[in-house]
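FYI, side chains are in, hydrogens and waters are out, and symmetry mates aren't considered; it's all heavy atoms of this structure.
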Amino acid sequence: MTGTTIARLLTLAAFLVAGSAAMPGTARALEIQRVTSPGGVEAWLIEDRSAPIVAIQAGFLGGSAQDPAGKDGLANLMTSMLDEGAGPYDSATFQSTLENRSIEFSAEADRDRIYVGVRALGDRTAEAVDLLALALGQPRFDAEAIERVRGSILASIQRDAENPQSIAWRTLWGSLFPGHAYGRLARGSAETVAGLTRDDLVAFRTARFTRQGLVIGVVGAISPEALKPLLDRAFGGLPAQGTEAPVAEAVPTAPGTTTVIRRPIPQSVVAFGHFGLKREDPDFYAALVVNYILGGGGFNSRLMQQVREKRGLAYSVSSQLSTLTHAGLVLGSVGTENAQTATSLALIREEWQRMRDHGPTETELANAKTYLTGSFALQLSSTGRIARTLVAIQAESLGIDYLDKRNSYIDRVTIEDARRVARRLFDPERLTVVVVGDPVGLQSTN
């Protein structure tokens with residue numbers, strides 16, 4: 001996974017585990033309404049009239065894990081092309097129409113899904129929906145636009161080839177998922193992206209943009225009755241079924257190796273991790289709490305206290321949970337001077353082991369639960385982000401009452417749960433590490 005892709009995954013995971021139940025500037029509970037169009041398209045709606053804005057987000061089954069063999073980067077290229085012309089509009093006309101109507105258009109792929117959305121003033125929602133329908137159903141994929149976007153992606157890949165963070169994360173994901181779709185390059189390589197054709201884009205779009213597994217979130221100044229016909233305009237013309245290549249469950253075989261990639265830079269960039277728990281695991285909320293204590297709680301975390309606050313070895317060190325459809329992970333990172341890298345890693349391993357062996361204290365557990373529940377209403381900042389969250393809740397099958405129940409799931413985690421799950425979750429012998437830099441006293445073990 002590239003740094004960009006993993007950032008997307010971690011942003012989504014961070015919301016799901018520490019998200020918000022309030023619109024920006026409010027603390028009131030939000031009512032999620034299930035809306036079904038005359039054509040049978042379902043969406044979850046939070047109606048809010050505090051601002052004349054409507055955001056629509058859709059999630060489609062199958063992200064970069066569906067890239068065919070030898071065509072890594074196809075999902076990324078296809079989503080990057082969706083605002084480059086559709087129906088009667090070439091690229092310049094489509095984008096100028098968006099700009100002139102003050103419509104925001106977004107499209108991106110993670111490993112398991114593709115997300116496409118629009119955000120507009122309420123009186124321009126119908127126009128935004130029509131442009132969304134064109135992008136989904138009639139993207140032009142004009143030759144000039146393909147080459148221009150391809151060139152931009154190739155330039156980005158070239159930059160990432162020398163970026164220490166990108167190298168570290170790309171290598172770590174390859175180590176954790178050898179031979180699995182998750183271990184491939186989500187944005188592709190220079191070779192695979194150069195070989196993608198218009199026919200590839202057309203076939204991938206046809207397979208992905210269907211109503212099978214489609215989840216939709218809508219937030220803003222629109223009623224259920226007004227939304228229903230717009231759902232059919234945007235999504236009703238899509239095929240009912242698509243074709244999806246099976247993705248195997250990832251086998252938890254993190255090798256526990258250390259890979260050192262030598263680069264002549266003053267600081268080493270370190271990415272580390274091993275397999276964790278999937279989102280539907282009954283122990284997920286206990287895992288969330290113990291990870292917050294270990295490395296997810298900023299300055300309150302054990303890793304930050306040991307590595308930065310007490311010893312000044314790094315500016316930042318953290319760990320986080322990442323969940324995919326076919327795997328769960330515990331991931332982390334640290335950046336430190338080459339002379340201090342080995343010491344920093346030793347401390348991280350020690351804290352990993354201490355959490356596994358002894359778990360958190362009663363005080364740590366209470367503080368973590370207070371923060372994770374108390375910060376629940378502070379995470380979201382826009383209608384678009386809330387709409388994306390509604391998509392995530394549906395995709396993870398968390399239930400339409402998730403926003404109401406989420407805090408209770410955390411509150412019920414006991415000290416016995418936390419210590420039991422810490423033993424299950426953290427495995428220092430399986431901790432797989434990638435270091436990019438010139439660390440002193442540290443060599444590859446693989």
Side-chain angles (χ1 to χ4, degrees), residues 1-9 60-86 90-92 94-95 106-116 135-163 165-210 239 242-248 250 261 324-326:
M1 179 184 289
T2 65
T4 298
T5 306
I6 192 167
R8 292 171 182 165
L9 278 173
F60 296 89
L61 286 176
S64 65
Q66 291 295 315
D67 287 350
K71 297 185 182 296
D72 295 356
L74 179 55
N76 181 57
L77 178 59
M78 192 275 288
T79 54
S80 299
M81 289 293 304
L82 291 180
D83 64 350
E84 294 286 343
D90 63 13
S91 176
F94 190 92
Q95 295 192 12
S106 63
E108 63 179 348
D110 66 16
R111 279 183 153 69
D112 294 313
R113 284 186 177 267
I114 292 173
Y115 303 93
V116 185
L136 295 174
Q138 302 178 52
R140 291 169 64 114
F141 299 140
D142 290 334
E144 181 278 330
I146 291 174
E147 294 312 312
R148 176 165 39 78
V149 174
R150 189 203 311 272
S152 177
I153 293 172
L154 288 172
S156 179
I157 290 172
Q158 185 175 16
R159 289 193 299 270
D160 282 351
E162 299 301 323
N163 181 284
Q165 289 192 356
S166 296
I167 295 169
W169 285 115
R170 185 168 63 245
T171 305
L172 179 64
W173 279 77
S175 298
L176 294 175
F177 295 103
H180 192 277
Y182 289 161
R184 289 157 50 188
L185 301 175
R187 282 199 296 173
S189 66
E191 180 181 7
T192 60
V193 172
L196 297 176
T197 68
R198 185 181 188 280
D199 287 344
D200 293 329
L201 296 172
V202 171
F204 195 80
R205 184 214 67 83
T206 301
R208 301 277 62 79
F209 289 156
T210 73
T243 57
E244 186 174 11
V247 177
I261 301 173
L324 298 92
T325 300
H326 301 287

> In this structure, are over 12 heavy atoms from other groups packed under 6.0 Å from E144 atom CD?
Replying inline: yes
> Can you name the nearest heavy-atom pair linking S175 to P178, along with the distance?
Replying inline: O-CD, 3.3 Å
>> With rounding to the nearest 0.5 angstrom, report the OG to CD1 distance, S152 to I157.
In response: 10.0 Å
>> Give me the atom names and distance for the closest heavy-atom approach of R184 to R111.
In response: O-NH2, 2.9 Å
> Do I114 and F204 have side-chain heavy atoms sitting under 4.5 Å apart?
Replying inline: yes
> Step by step, would you call M81 with R205 a side chain to side chain contact (heavy atoms under 4.5 Å, CB included)?
Replying inline: CA-CA 11 Å; M81 289 293 304; R205 184 214 67 83; over 6 Å; no
> Is there a side chain to side chain contact (heavy atoms under 4.5 Å, CB included) between V202 and F141 once you walk through the steps?
Replying inline: CA-CA 8 Å; V202 171; F141 299 140; 3.9 Å; yes
> Distance-only, no hydrogens or angles: does the E108 side chain make a donor-acceptor pair with backbone N or O of V116 under 3.5 Å?
Replying inline: no
>> So R198 and I146, do their side chains get closer than 4.5 Å, heavy atoms only?
In response: yes
> Between CD1 of I261 and CD1 of I167, what distance do you get to the nearest 0.5 Å?
Replying inline: 6.5 Å
> Considering all heavy atoms of both residues, which atom of A181 and which atom of V247 are nearest to each other, and what is their separation?
Replying inline: CB-CG1, 4.5 Å
> Just by distance, with hydrogens left out, do T325 and D112 show a side-chain donor and acceptor under 3.5 Å apart?
Replying inline: yes
>> Once you measure the plane-to-plane angle for F177 and Y182, does it fall in the parallel (<30°), tilted (30-60°) or perpendicular (>60°) bin?
In response: perpendicular
> How close do S80 and I153 get, heavy atom to heavy atom, and via which atoms?
Replying inline: OG-CD1, 4.2 Å
>> Looking at Q66 and E244, would you say the former's side chain and the latter's main chain have a donor-acceptor pair under 3.5 Å?
In response: no
> CG/D83 to CD/Q95 distance, rounded to the nearest 0.5 angstrom?
Replying inline: 4.5 Å
> Going from CG on L196 to CG on L201, what distance comes out if it is rounded to the nearest 0.5 angstrom?
Replying inline: 7.0 Å
> Under the 6.0 Å and 45° cation-pi test, does R113 pair with Y115?
Replying inline: no
> Taking all atoms of both residues into account, what is the closest heavy-atom pair of A207 and T243, and its distance?
Replying inline: CB-OG1, 3.4 Å
> Is F94 close to L82 at the side-chain level, that is, under 4.5 Å between some pair of heavy atoms?
Replying inline: no
>> Name the residue from T192, D200, T197 that meets the side chain to side chain contact (heavy atoms under 4.5 Å, CB included) definition with K71.
In response: D200
> Roughly how far apart are R170 CZ and N163 CG, rounded to 0.5 Å?
Replying inline: 8.5 Å
>> The test is side chain to side chain contact (heavy atoms under 4.5 Å, CB included); show your working for H180 and W173 and say whether it passes.
In response: CA-CA 10 Å; H180 192 277; W173 279 77; over 6 Å; no
> Does the pair R148 and S91 meet the rule for a side chain to side chain contact (heavy atoms under 4.5 Å, CB included), with working shown?
Replying inline: CA-CA 11 Å; R148 176 165 39 78; S91 176; 3.4 Å; yes
> Looking only at heavy atoms, which two atoms of L74 and D67 are closest? And how far apart?
Replying inline: N-OD2, 3.4 Å
> Salt-bridged, D90 to R140, with N to O below 4.0 Å?
Replying inline: no
